[in-house]
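Below you'll find the structure, written out as structure tokens, and then a few comments.
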There are 4 protein chains.
Amino acid sequence: MTELNLETAKKMIEQAEEKAKEIKVPMVITIVDGGGNLLACHRMDQSLLASIDISQNKAWTAVALQMPTSQLYDAVQPGGELFGINTTNNGKIVVFGGGIPIKSGDRIIGGIGVSGGSVAEDTEVAEAGLV
Amino acid sequence: MTELNLETAKKMIEQAEEKAKEIKVPMVITIVDGGGNLLACHRMDQSLLASIDISQNKAWTAVALQMPTSQLYDAVQPGGELFGINTTNNGKIVVFGGGIPIKSGDRIIGGIGVSGGSVAEDTEVAEAGLV
Amino acid sequence: MTELNLETAKKMIEQAEEKAKEIKVPMVITIVDGGGNLLACHRMDQSLLASIDISQNKAWTAVALQMPTSQLYDAVQPGGELFGINTTNNGKIVVFGGGIPIKSGDRIIGGIGVSGGSVAEDTEVAEAGLV
Amino acid sequence: MTELNLETAKKMIEQAEEKAKEIKVPMVITIVDGGGNLLACHRMDQSLLASIDISQNKAWTAVALQMPTSQLYDAVQPGGELFGINTTNNGKIVVFGGGIPIKSGDRIIGGIGVSGGSVAEDTEVAEAGLV
């Protein structure tokens, strides 16, 4: 896989949905490509309306900063190096876990963003999408 | 069907994608619920990046104005009753065809929005999603 | 060339600037990549402040709609098929000439957007950038 | 130099790019004029997509607040005098280092903004642009 396509994006979302059902937390799951543009987004029944934006923004952040969103958490706390970064990109940077880059070898070809549960749950579901 | 869920939304998108493949025009297809909130969005390979927003906005418009977006076309022309309505809702109202309400009996329970081809093609694909 | 990089983008801008100097109209010139993301933007001395956004949006539109922005002009006039499209994407779609896709074979790998003069002048300068 | 022009802006960006290459961190580098308006922006290959906005906003902030963005850091922490200022200007104020005013004598004639690495790296590259 050198570039994401809709087929792959749907498979990743399905895998993530499986995990979300297993842990019984409805999620919104988004896949974006390497340019940060949306490929697919599914909102599971009963999941949070706020998660529509959050999952899309997590996927974008993972691509735009080339790291899992969980890695931002410490740096953005008061006194942290990047305190305030969450307001620099029209509010699109999410600074807690649930967004993970999708890689082909060393290259980032997209991102997955999951929102709906606790950060630990969102992260678990996002990771399930990458398998 | 009294309320849309993700399962139904995915089936509608699949049906629409079939038609898009048949007419050989890649599309972005979005389903929103009766509150105008996104349920699912798929961007087919090679479709237009601009269509991500347009398809979502068409689906929203169909619910928010309770009519197919094609019905807005005459009213928004210069001299028409609703000239200018496309700028009243943060640019979310799309005034050409490709967005259609999804009904359960007489009740609007959601909307489908399709973008990627000509208005006639978008409308054809959106209608295919409703069958 | 299968993907744009900064080196190529700078060369394209230089070529466009040459033409702009030749016709004596200061321009803002922008290159975006295939995902619509900015690679480089130069504002020539004395060019219009409004052109900063317009040139960036023209480059984005050329990629996002996979066509020169000049091709939109007829379709967006009153009574045209796409009348109103310029308000569907947060105002990023520019519907007059000056934005052109950059291709590698048949594939669109980016866009150039030029603003500062008449549409004919903008288009001439954009085309000079592609040589 | 009493006013910035594109020629000078390009030289500053080149100098900054040299430093960025030397420390092996790809950066986005922006120069704005004394009105806070963009003069030139370059995105080096492999640099972060998020840095496009951040570098432009850093350059703007340095001019708009007439100080290096690093000087905001203490004042915006919880309990600090300017806590919350990063959300007052449509998210354009960046409150960590990497943006520096460009001066002619005592007068501020523009700003440089750099984003892509750690705050220390961004600052080092921005300073290299000013030499």
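Below, read A as the first sequence line, B as the second, and so on, with proteins coming before strands; counting in each chain starts at 1. What you see is a predicted model, and the numbers here were worked out from it, not measured in a lab.
In terms of heavy-atom pairs under 4.5 angstrom with chain C, the leader among D:A40, D:G35, D:A9 is D:A40. Of the listed residues (D:L49, D:I13, D:V28, D:I29), the greatest number of heavy-atom pairs within a distance under 4.5 Å of chain C belongs to D:L49.
Residues C:L82 and C:V76 come closest through the heavy atom pair O-CG1, 3.8 Å. Taking all atoms of both residues into account, the shortest heavy-atom contact from D:V63 to D:G34 is CG1-O, 3.5 Å. Nearest heavy-atom pair across C:G98 and C:A126 is O-CB, 3.8 Å. For D:G129 against D:I112, the heavy-atom pair with the smallest separation is CA-CD1, 4.0 Å. Closest approach of C:V25 and C:M27 over heavy atoms only: O-CG, 3.3 Å.
Among residue pairs with one or both ends in residues 12-37 of chain C, none qualify as ring-ring contact (aromatic ring centres under 6.0 Å, His included); sequence neighbours excluded. For residues 109-131 of chain C, the set of pairs meeting the ring-ring contact (aromatic ring centres under 6.0 Å, His included) definition, not counting sequence neighbours, is empty. A ring-ring contact (aromatic ring centres under 6.0 Å, His included) check over residues 76-126 of chain D, counting only residues at least two apart or in different chains, returns nothing.
When heavy atoms are compared at a cutoff of 4.5 Å, D:I52 approaches chain C solely by way of its side chain, counted from C-beta outward. With a 4.5 angstrom heavy-atom cutoff, C:L39 touches chain D via backbone and side-chain atoms both.
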Using only the distance criterion (under 3.5 Å, no hydrogens considered), which donor-acceptor pairs connect chain D with chain C?
residue : atom : partner : partner atom : Å
D:L6    : N    : C:D45   : OD1          : 2.9
D:D33   : OD2  : C:R43   : NH2          : 2.6
D:N37   : O    : C:R43   : NH2          : 3.1
D:L38   : O    : C:R43   : NE           : 2.6
D:L38   : O    : C:R43   : NH2          : 3.1
D:L39   : O    : C:R43   : N            : 2.8
D:C41   : N    : C:C41   : O            : 2.9
D:C41   : O    : C:C41   : N            : 2.9
D:H42   : NE2  : C:H42   : NE2          : 2.8
D:R43   : N    : C:L39   : O            : 2.8
D:R43   : NE   : C:L38   : O            : 2.6
D:R43   : NH2  : C:D33   : OD2          : 2.7
D:R43   : NH2  : C:N37   : O            : 3.2
D:R43   : NH2  : C:L38   : O            : 3.2
D:D45   : OD1  : C:L6    : N            : 2.9

